[in-house]
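Comments concern the structure below.
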Amino acid sequence: MKLRIVLSGVFALAVAAPALAASDLSPADKKAMHDYTLSMPKVQAMGAALDDFRKMQNADPSLEKQANHMGADSKSIAEMESKVASNPKMMAVYRAHGLTAADAVIMPFVLMYAGMIVEYPSTGAKLSDETSPQQVAFFKQNEKALKATAWLYPKD
């Protein structure tokens, strides 16, 4: 099966939309990604936060436009984190689920990269600066649950 990590959630999609290529990442961005610790509670919290945001967006469609601008012109992960952190409505949702701006920005990238390595092991060497062996092991250990996670793998 081809890797189908799709960031369908508005926050995750807006933040990670430009999906910086590994070659575009600064050493600081690579380190932030490499050192990020994944956990199923964080993955589940992200799903709950995205569900809450979808509900808020139904009541206020302007929120989608705000979210879509988070990653559109960001040049670094740190810049994306700063934009997320400066949006009070977005941060209120994340905080309500125990997440930080770093979780919101970095987690989708890390899951995407770890999933790519699991699906296509030959990419491991190319992504080793920004993806740790622990992240890849986490993805392998939780692959079934991750693939059942709607914000990562939307149902067609």
Residues in side-chain hydrogen bond (donor to acceptor under 3.5 Å, both in side chains) with His34, at least two apart? none
State, to 0.1 Å, how close His97 and Val93 come at their nearest heavy-atom pair, and which atoms those are. CD2-O, 3.1 Å
Of all the heavy-atom pairs spanning Pro88 and Ser86, show the shortest one and how long it is. CD-O, 3.2 Å
Salt bridge (charged side-chain N to carboxylate O under 4.0 Å, His left out) against Asp52, all qualifying residues, sequence neighbours excluded: none
Does Tyr113 reach the side chain of Gln135, with side-chain heavy atoms less than 4.5 Å apart? no
Those residues that, when tested against Lys31, pass salt bridge (charged side-chain N to carboxylate O under 4.0 Å, His left out) (two or more places apart): Asp35
Which residue pairs pass the salt bridge (Lys or Arg N to Asp or Glu O under 4.0 Å) test with at least one member in residues 106-117, sequence neighbours excluded? none
Any donor-acceptor pair under 3.5 Å from Thr149 side chain to Trp151 backbone: no
Of all heavy-atom pairs between Phe138 and Leu111, which one has the smallest distance, and what is that distance? CE2-CD2, 4.2 Å
List for me each residue that meets side-chain hydrogen bond (donor to acceptor under 3.5 Å, both in side chains) alongside Gln134, sequence neighbours excluded, and say none if there are none. Ser132
Check: Met107 and Leu99 side chains under 4.5 Å, non-hydrogen atoms: yes
Side chain to side chain contact (heavy atoms under 4.5 Å, CB included) partner of Met33, chosen from Ile106, Leu127, Val105: Ile106
Given 3.5 Å as the limit, does a donor-acceptor pair link the side chain of Asp60 with the main chain of Met56, or not? no
Ignoring hydrogens and geometry, is there a side-chain-to-backbone donor-acceptor pair from Glu143 to Phe139 under 3.5 Å? no
Sorted by chain and number, sequence neighbours left out, side-chain hydrogen bond (donor to acceptor under 3.5 Å, both in side chains) with Asp129 holds for none
Please answer whether the main-chain N or O of Met90 pairs with a side-chain N or O of Asn87 as donor and acceptor at a distance below 3.5 Å. yes
Can you name the closest pair of heavy atoms from Val84 and Tyr94 and give their distance? CG1-CE1, 4.0 Å
Show me the side-chain donor-acceptor pairs of residues 36-48 shorter than 3.5 Å, one per line, residues at least two apart or across chains.
unit_1	atom_1	unit_2	atom_2	d
Tyr36	OH	Asp103	OD1	2.7
Ser39	OG	Lys42	N	3.2
Lys42	NZ	Thr37	O	3.0

For the backbone of Ile77 and the side chain of Asp29, can you confirm whether one donor and one acceptor N or O come within less than 3.5 Å of each other? yes
Just verifying a value: how many Å separate Lys75 NZ and Leu25 CG, rounded to the nearest 0.5 Å? 14.0 Å
Examine distances only and state if a side-chain atom of Ser128 and a backbone atom of Ala125 form a donor-acceptor pair shorter than 3.5 Å. yes
